[in-house]
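All figures in this text were calculated on a predicted structure; none of them were measured in a lab.
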Amino acid sequence: NNLEGIRKIDSAKKAMIEILGRYNEFAATNENIQVGLFHFQNDDVHCSVQMGRFDYSLMKSKIEGLKLGSGTPIGISLAYAERELDKTGYANKSIVLLTDGESNIGKNPDEIFKRIIETNEKGGDSKTKLHIVAFNMRTEVFDSLKAKGAEIYQASNGDELSKRLKENVELILEAPD
């Protein structure tokens, strides 16, 4: 799990902490920004930070405390994130999924995202945007999600990961409500 002599988890933490500064700048002038942090832990998804007003110090400390897990429950994480986003009442909803592995636990992410889209349409809700950053892995595994409107990005090392996460932050923060 090393890239260029650095553990992938450490590269991911560094990149995620770098983008917190941009969120912090945005939150200073946009009090309504809500952010949550969810992570894979073995065969489940856990909440590190509940959806709520952006708190730089809390997010940074939780990211620094993330540990390696063995499973990749992408479908479960999409369902969990959508449920938490729905609680905000916001029309503009985005999920940024950073993963270094294929889904290998739980429901198929393709089926979950399809249900999310259908539920959004039936409820008159705007479509939840899904941004997947594939870290040091093939992006083709996400082709079916891409066909449903997900944006897929590839990052083969820590520097590319920082760049991809920054690009996603800009897209999300500049998206109209």
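By the neighbour-count criterion of 12 heavy atoms within 6.0 Å, atom NZ of Lys146 is sparsely surrounded, having that number or fewer from other residues, nucleotides or ligands. Around the CD atom of Glu31, the shell of radius 6.0 Å holds no more than 12 heavy atoms that belong to other residues, nucleotides or ligands.
In this structure, Glu18 CD and Leu165 CG are separated by 9.0 Å, a value rounded to the nearest 0.5 Å. Glu102 CD to Ile74 CD1: the interatomic distance, rounded to the nearest 0.5 Å, is 8.0 Å. A distance of 13.0 Å separates CZ in Phe113 from CG in Asn108, rounded to the nearest 0.5 Å. Interatomic distance, CD1 of Ile19 versus CD1 of Ile63, reported as 7.0 Å (0.5 Å rounding). The distance from atom CG of Asp143 to atom CD1 of Ile152, rounded to the nearest 0.5 Å, is 8.0 Å. Between the NZ atom in Lys148 and the CG atom in Leu130 there is a gap of 11.5 Å [rounded to 0.5 Å].
Under the rule for a side chain to side chain contact (heavy atoms under 4.5 Å, CB included), the partners of Glu84 that lie at least two apart in sequence or sit in another chain are Phe38, Gln50, Met51, Tyr80, Lys87. Residues satisfying the side chain to side chain contact (heavy atoms under 4.5 Å, CB included) test with Val49, not counting sequence neighbours, are Leu37, Leu58, Met59, Lys62.
A donor-acceptor pair under 3.5 Å is formed between the side chain of Lys13 and the backbone N or O of Leu66. Using a distance-only test at 3.5 Å, with no hydrogens or angles considered, no donor-acceptor pair links the side chain of Asp43 to the main chain of Gly71. Without hydrogens or angle criteria, Asn30 side chain to Phe26 main chain gives a donor-acceptor distance under 3.5 Å.
Contact of the Lys14 side chain with the Ile6 side chain is not registered, since no non-hydrogen atoms from C-beta on lie closer than 4.5 Å. Annotation: side chain of Phe142 is not in contact with side chain of Gln154 (no heavy-atom distance under 4.5 Å). The shortest side-chain heavy-atom distance between Asn92 and Lys129 falls under the 4.5 Å cut-off.
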Test Lys93 against Asp86 for side-chain contact (heavy atoms from CB on, under 4.5 Å), laying out the working first. CA-CA 8 Å; Lys93 301 179 296 184; Asp86 284 343; 2.7 Å; yes
side-chain contact (heavy atoms from CB on, under 4.5 Å) between Phe40 and Ile76, worked out: CA-CA 9 Å; Phe40 306 146; Ile76 296 168; over 6 Å; no
What verdict does the side-chain contact (heavy atoms from CB on, under 4.5 Å) test give for Asp110 and Leu145, after you've listed the backbone C-alpha separation in whole Å, the side-chain angles of each residue and the deciding distance to 0.1 Å? CA-CA 6 Å; Asp110 189 50; Leu145 291 168; 4.2 Å; yes
One pair to check against side-chain contact (heavy atoms from CB on, under 4.5 Å): Asn120 and Glu82. What are the steps and the verdict? CA-CA 10 Å; Asn120 288 165; Glu82 178 66 13; 3.2 Å; yes
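Ion pairing between Arg164 and Glu167 holds under the 4.0 Å rule for side-chain N and carboxylate O.
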